[in-house]
Amino acid sequence: MAKPRVLIVGAGAMGMVTGYILHLAGAEVTFLVRPHRAEALNHPQTLYYYNDNSLKEFKEYVYLTDPSQILGNEYDFIVITLDGAALKCETGRSLVKTIGSAVRQSNSKRTGVILGTVFFNVRSWFLEVSGLPEDSVTLGWFTIRAYSPTAVTLPLHPPTDPEPLSKARIAWIDNLGDGFGVDDSAPRVANAFAKLYNSSGVSTCGITPTAQAGLYMNPIFAIYAACALLDWPRFTDIDTQGEIWRLAVAAAKEIQSLSIHGELGQHAAQSTTETSMAERFADIDAKLLPLDNRAFNRYHHGGKVNEQDTKHLRACVGFGKGEGKDMAALRELVRRVESVF
């Protein structure tokens with residue numbers, strides 16, 4: 001029986017970890033990367049796994065550097081791991097069109113696209129630009145935390161072993177339940193991908209209703225904006241009645257109330273409080289130990305707060321205004337972020 005063929009667009013931390021897991025699931029993995037990333041892929045990849053404090057080697061993959069090379073190739077899945085800013089730039093739009101052409105040219109396989117790009121309403125945009133039918137594209141996201149130890153040094157917590165960590169190109173932890181998630185916007189794709197991913201034996205992929213997935217992801221960026229303004233405090237130390245935190249939670253509730261999130265969003269906005277939001281994120285930090293999630297967020301989201309995260313919040317403002325909503329708290333939060341960073 002032929003191995004499932006998976007193309008992963010991007011070989012950053014999350015792309016590499018996803019490729020490794022899918023390799024363990026029996027997939028034939030191909031990366032599509034920019035030419036300057038090719039040299040790094042000519043060598044076996046070393047991954048430090050926080051869950052068992054050991055190094056893993058990943059070398060069973062091939063890579064391409066020209067998007068046109070995917071034309072004429074057939075894949076069971078194409079997993080896109082680029083961030084929203086990269087995907088929506090001119091080069092990214094061209095890539096999306098090429099992916100659309102590649103999927104339409106595939107004769108024997110009904111290729112499923114996993115859009116692992118977190119950005120407000122990004123699936124609608126992707127469908128329009130790619131020209132693909134709705135039943136071929138589902139949203140995906142990671143709860144795994146992964147980063148390059150050569151790019152940032154995070155504080156160490158027991159039982160992290162610094163010796164193998166220092167040798168790793170990528171470090172990752174999978175402590176929040178499902179390491180990968182997909183929504184049910186394209187059920188055939190979601191179910192088939194989850195079945196493959198779950199056969200890895202090291203991580204699981206869950207399927208979440210579309211409205212619930214957006215409701216979980218979209219308000220998070222208001223909280224990260226507050227963290228940036230507060231210089232990334234521990235969630236257990238946050239003054240839940242402080243002005244910035246109250247503003248951020250009000251902004252998150254405005255996002256929850258958008259029609260795209262349905263009745264679930266209305267209920268969430270009514271039940272969310274400054275205290276419950278801080279407790280939710282403090283719980284995530286605790287579950288992710290021994291990885292220091294506070295320092296990880298400072299590195300990962302702090303570096304992008306003026307680009308992807310803020311663009312996401314602006315998109316939420318625009319959607320809300322289109323519904324006749326003022327979005328006053330969110331607009332003020334964005335103004336403060338843009339005035340500081």
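No hydrogens, no waters, no symmetry mates; every other heavy atom, side chains included, goes into these values.
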Could you tell me which non-hydrogen atom of V182 sits nearest to which non-hydrogen atom of C205, and how far apart they are?
CG2-SG, 4.0 Å

With a 4.5 Å cut-off on side-chain heavy-atom distances among I, L, V, M, F, W and Y, is there a chain of contacts connecting M277 to F235?
yes

Considering only heavy atoms from C-beta outward, does the side chain of H301 approach that of C227 to under 4.5 Å?
no

Are D174 and S203 linked by a side-chain donor-acceptor pair shorter than 3.5 Å?
yes

Test item: F126 and L132 side chains (from C-beta on) under 4.5 Å apart, heavy atoms
yes

So which atom in A168 and which in L55 form the shortest heavy-atom distance, rounded to 0.1 Å?
CB-CD2, 3.8 Å

Test item: F120 and F221 side chains (from C-beta on) under 4.5 Å apart, heavy atoms
no

Test applied, side chain to side chain donor-acceptor pair (under 3.5 Å); reference residue, Q45; option that passes from R169, E57, K59
R169

Do the rings of F180 and F193 sit parallel, tilted or perpendicular, given the 30° and 60° boundaries?
tilted

Which residue pairs pass the salt bridge (charged side-chain N to carboxylate O under 4.0 Å, His left out) test when at least one of the two sits in residues 7-35, sequence neighbours left out?
R5-E28

For a quick test of reading the model, state the closest non-hydrogen atom pair linking A86 to L82 and the distance between them.
CB-CB, 4.3 Å

In terms of hydrophobic clustering (I, L, V, M, F, W, Y; side-chain heavy atoms under 4.5 Å; direct or indirect links), are L139 and L264 co-clustered?
no

Can you get from I78 to V129 by hopping between Ile, Leu, Val, Met, Phe, Trp and Tyr side chains that sit under 4.5 Å apart?
yes

Check the pair F31 / Y63 against ring-ring contact (aromatic ring centres under 6.0 Å, His included), numbers first and verdict last.
CA-CA 4 Å; F31 290 103; Y63 67 84; 8.7 Å; no

Please report the shortest heavy-atom distance between T236 and A282, naming the atom on each side.
CG2-CB, 4.0 Å

side-chain hydrogen bond (donor to acceptor under 3.5 Å, both in side chains) involving S339 - partner list, sequence neighbours excluded:
none

With a 4.5 Å cut-off on side-chain heavy atoms, are D285 and R234 touching?
no

Counting C-beta onward and ignoring hydrogens, is there a side-chain heavy-atom pair between I8 and L32 closer than 4.5 Å?
no

Which atom of N53 lies closest to which atom of P159, heavy atoms considered
OD1-O, 3.1 Å

Are I144 and I80 co-members of a hydrophobic cluster defined by side-chain heavy atoms under 4.5 Å apart?
no

Minimum heavy-atom distance between I255 and P219, given as atom pair plus value:
CG2-N, 3.9 Å

R314 and E338, any side-chain heavy atoms less than 4.5 Å apart
yes

Geometric class of the Y147/Y50 ring pair [parallel <30°, tilted 30-60°, perpendicular >60°]:
tilted

Would a single hydrophobic cluster contain both V9 and M16, if residues Ile, Leu, Val, Met, Phe, Trp and Tyr are joined by side-chain heavy-atom contacts under 4.5 Å?
no

Q256 side chain reached by Q266 side chain, heavy atoms, under 4.5 Å:
no

If we check side chain to side chain contact (heavy atoms under 4.5 Å, CB included) with N293, which of these qualifies: L154, N175, I173, L288?
L288

Taking the ring centre of each residue, are Y61 and Y20 less than 6.0 Å apart?
no

Using distance alone, with no hydrogens and no angle criterion, decide if T204 and N198 have a side-chain donor and acceptor under 3.5 Å apart.
no

Is any side-chain heavy atom of L22 closer than 4.5 Å to one of S200?
no

What about F58 and H23, are their ring centers closer than 6.0 Å?
yes

Name of the residue among V17, T18, N51, L291 meeting side chain to side chain contact (heavy atoms under 4.5 Å, CB included) with W172
V17

